[in-house]
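Everything below concerns the one structure shown next.
Basis for what follows: all heavy atoms, side chains included, without hydrogens, waters or symmetry-related copies. By convention in this document, chain letters (A, B, ...) are assigned in the order of the sequence lines, proteins followed by strands, and residues within each chain are numbered from 1. These figures come from a predicted structure and were not determined experimentally.
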2 protein chains.
Amino acid sequence: MLTKEQLETLWAEADEIYLNNISIDCVVFGFHEGVMKVLMLKSNNEDAWLLPGGFVRKLEPIDVSANRILKERTGLDEIFLKQFHVFGDPDRTKLHNEMYRDMLPAKKNFFDRRFISIGYYALVDFVNANPTPDVFSEVCTWQDINDLPPFQLDHELIFKTALDTLRLQLNYQPIGYNLMPREFTMPELQKLYETILGKKLDRRNFQRRMLGFGILNKLEETRKGGAHKAPYLYEFNLEHYQAALDGGLSGGW
Amino acid sequence: MLTKEQLETLWAEADEIYLNNISIDCVVFGFHEGVMKVLMLKSNNEDAWLLPGGFVRKLEPIDVSANRILKERTGLDEIFLKQFHVFGDPDRTKLHNEMYRDMLPAKKNFFDRRFISIGYYALVDFVNANPTPDVFSEVCTWQDINDLPPFQLDHELIFKTALDTLRLQLNYQPIGYNLMPREFTMPELQKLYETILGKKLDRRNFQRRMLGFGILNKLEETRKGGAHKAPYLYEFNLEHYQAALDGGLSGGW
DNA sequence: TACAATTGTGTACCAATTACACCTTTAATA
DNA sequence: TATTAAAGGTGTAATTGGTACACAATTGTA
């Protein structure tokens, strides 16, 4: 829990360096061992979780803000980021503000304001990310998207909207490339698609179709270890992938 | 051209009732006689055109702001509106601000600020709209999208992004319904699709496919007048259309 | 060495899209 | 009133793409 002194310092800084009514919230996706994850923060005071977020510096392009915010939460640079929706309901931060309302005079409190939040989704390499809490939170960690804790504010809406966006953009954005490790097997990639689409796909048709796009390089090695036939490893052919995405991968799922 | 007095009044009001760093810009599409149009404003001082825009009241949901702004420009209520992108470059309004910069002290001038603009596209019934200029402009009129005048600021980017969005959402949003008049012929609808997609479609396949969706009601009447066979009139079956859009119309164009 | 589990490949079938041909209707005109 | 040009309406064959399977191959383990 922040003390009154800490909050006053934060407020003074925030008011000076950030735009006053704009925030950014990020839905950071990672994929690990066949499971899709979202990065979330548990705030000091409540038993509910938040998406990582922050504010826009007065002279900073918003994409740069989002990158800066996520670098602080993950340690990663050059994250794949896309804005996807603006959440502009005047009441959206009501509950959250009430938490700190009594600690500072309303007129002076930067945080007791209406924030119009720009939603970004981010795709990061799970293994290289290093989740780090911010001053308002005690925990920053990955959560399985099939087993999410309770959200604060409208962050559940933001998360769901991001996931819907991912689904719609699967044929237009390099989602596979940014979520998979450099080398992966076909079943692993299929798992990602199934998670995003929320449905099972036929193993054999998935493989044939994916190879048909010509966006994968088949590697010599296989993934040994399982008590079964070892699957081949693949990597994305980034050049072909980008070209194919320009027109959108054909067909639906 | 606004006088200094008028500008001071505007500023005083604006600072009081609007959020300080957020604006809304709208790309309003209309369709008339086989041609796609955009609503544009010619400002008092420059020989360049702007998209209709405005600001967000301090306690107003942003969708309501966009509706309010467009009601002032078109006289229409309940316009079909979707936010599609945020334009957040800190320099995006630079040129525009310079126009009024010398007229008011910088610190006090509401308009001499950074504005992060939320882009909305709107689809309106051309014949019922009544274009009306705002205080900053002398003309408000429809422009043919194939013959556009020079834009101010980043409004060309905003327009192009909107058109791209329209193309991508053609199978997911009731774009035909909101741009066509209540009754229309198949060739007229095809023209709309060709305009949005930027390519010719086969007349016969278009008709069969469109009818196959089951989203049109065929009417008894035909459109007489041309020196040719009179085409049938159709109207959208709104119920079926909505249902079909839920899963997205199948296939690509 | 046999087995269970999983991956790799092939094929027949069905649905959707494409590329056409041909007929019908309208108004202008001879 | 018959003819004609221009456009709309309908049908079909060929092609493509997606779906639903069957079956063979490979791996570690029992």
The answer to which of A/Arg208 and A/Ala230 contacts DNA chain D further toward the 5' end, by nearest nucleotide, is A/Arg208

B/Met210 atom CE is separated from C/dA16 atom P, nearest whole Å, by 16 Å

Which of C/dA19, D/dC23, D/dG11 is nearest the side chain of B/Arg204? It is D/dG11

Taken to the nearest whole Å, CZ/B/Arg209 to C1'/D/dG11 is 19 Å

Taken to the nearest whole Å, CD/B/Glu220 to P/D/dG9 is 14 Å

key: OP1 or OP2 of C/dA27 under 4.0 Å from side-chain N/O of B/Lys224   = no

Closest of C/dT9, C/dA27, C/dC22 to the B/Arg203 side chain is C/dC22

Intermediate values then yes/no, side-chain hydrogen bond (donor to acceptor under 3.5 Å, both in side chains), B/Tyr172 and B/Asp246: CA-CA 7 Å; B/Tyr172 298 91; B/Asp246 273 349; over 6 Å; no

Rounded to whole Å, the CZ-P distance (B/Phe206 to D/dA7) equals 18 Å

Quiz item: Is the B/Tyr241 ring parallel, tilted or perpendicular to the B/Tyr177 ring (thresholds 30°, 60°)?
Solution: perpendicular

Taking C/dG8, D/dG9, D/dT27 as options, the one with an atom nearest any side-chain atom of A/Gln207 is C/dG8

Notebook entry, point to check: Does the side chain of A/Tyr121 pick up a donor-acceptor pair with the side chain of A/Gln169 at under 3.5 Å?
Noted result: yes

On DNA chain D, more 5' by nearest nucleotide between B/Pro187 and A/Asn205 is B/Pro187

Checklist entry - Taking the six-membered ring of B/Trp253 as reference, does the NZ or CZ atom of B/Arg209 fall below 6.0 Å from its centre and within a 45° cone about the axis? => result yes

To the nearest angstrom, the NZ-P distance between A/Lys191 and C/dT7 comes to 10 Å

In whole angstroms, the gap separating P of C/dC14 from CG of A/Asp202 amounts to 17 Å

Per atom distances to the A/Pro231 side chain, the nearest of D/dG8, D/dG9, C/dT7 is C/dT7

Rounded to whole Å, CG of A/Leu211 lies from P of C/dT9 at a distance of 8 Å

Point to revise | Aromatic ring pairing A/Phe159/A/Phe29, orientation class (parallel under 30°, perpendicular over 60°, tilted between) | key: tilted

Separation of C/dT26 atom C1' from B/Tyr232 atom OH, nearest Å, is 12 Å

Quick one: is B/Lys229 getting a side-chain N or O under 4.0 Å of the D/dG9 phosphate, OP1 or OP2? no

Can you find a donor-acceptor pair, distance only, under 3.5 Å between B/Arg223 side chain and D/dG8 base?
no

Side-chain atoms of B/His228 come closest, of D/dA6, C/dC20, C/dA27, to D/dA6

